[in-house]
Amino acid sequence: ERCAFEVTDPVQRFTVQIEATGRMVTAEEFGSLQQAHFDKLPESLPFKDIPDQCYIKLSPIHLRFTDCEANPWVAMSFEF
């Protein structure tokens, strides 16, 4: 499935817009990835056993970075 989202830093005034494909990771797949996931994001460990929770793997298609602090704005796009 295709998805898109934006991450913004209102203090430094930049945005990253990401278009990606996403798919749910199976329990078997996550089993082999979970140590790396929880090593990187230990604060997520308390939530790992929530019923009906799923993990989604995103593969970027397009990324656009915009620096709104610059005048004029600086924008860069990357295709994957």
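Please read these numbers as outputs of a predicted model, since none were measured by experiment.
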CD of Q34 to OG of S44: how many Å apart, nearest 0.5 Å? 10.5 Å
First locate atom CD1 of I61, then atom SG of C3, and finally report the distance between them rounded to the nearest 0.5 Å. 8.0 Å
Compare all side-chain heavy atoms of F5 with those of Q17 and state whether any distance is below 4.5 angstrom. no
Sequence neighbours excluded - salt bridge (charged side-chain N to carboxylate O under 4.0 Å, His left out) pairs with any residue from residues 42-62: none
Measuring only between side-chain heavy atoms, which start at C-beta, is M24 closer than 4.5 Å to E29? no
I18 with F14, same ILVMFWY side-chain cluster at under 4.5 Å: yes
To the nearest 0.5 Å, what is the distance between CG (L45) and NE2 (H37)? 8.5 Å
Results of side-chain hydrogen bond (donor to acceptor under 3.5 Å, both in side chains) for T8 - residues two or more places apart only: E6
Determine, using the 4.5 Å side-chain heavy-atom cutoff (strictly less than), whether I56 and V7 are members of one ILVMFWY cluster. yes
Quick check: do L63 and V16 have side-chain heavy atoms less than 4.5 Å from each other? yes
Between NZ of K40 and CG of L33, what distance do you get to the nearest 0.5 Å? 12.5 Å
N/O donor-acceptor pairs under 3.5 Å from side chains in residues 72-80, not counting sequence neighbours:
residue: W73; atom: NE1; partner: C68; partner atom: O; Å: 3.3
residue: E79; atom: OE2; partner: H62; partner atom: ND1; Å: 2.4

Closest heavy-atom contact between P60 and A20? CA-CB, 3.9 Å
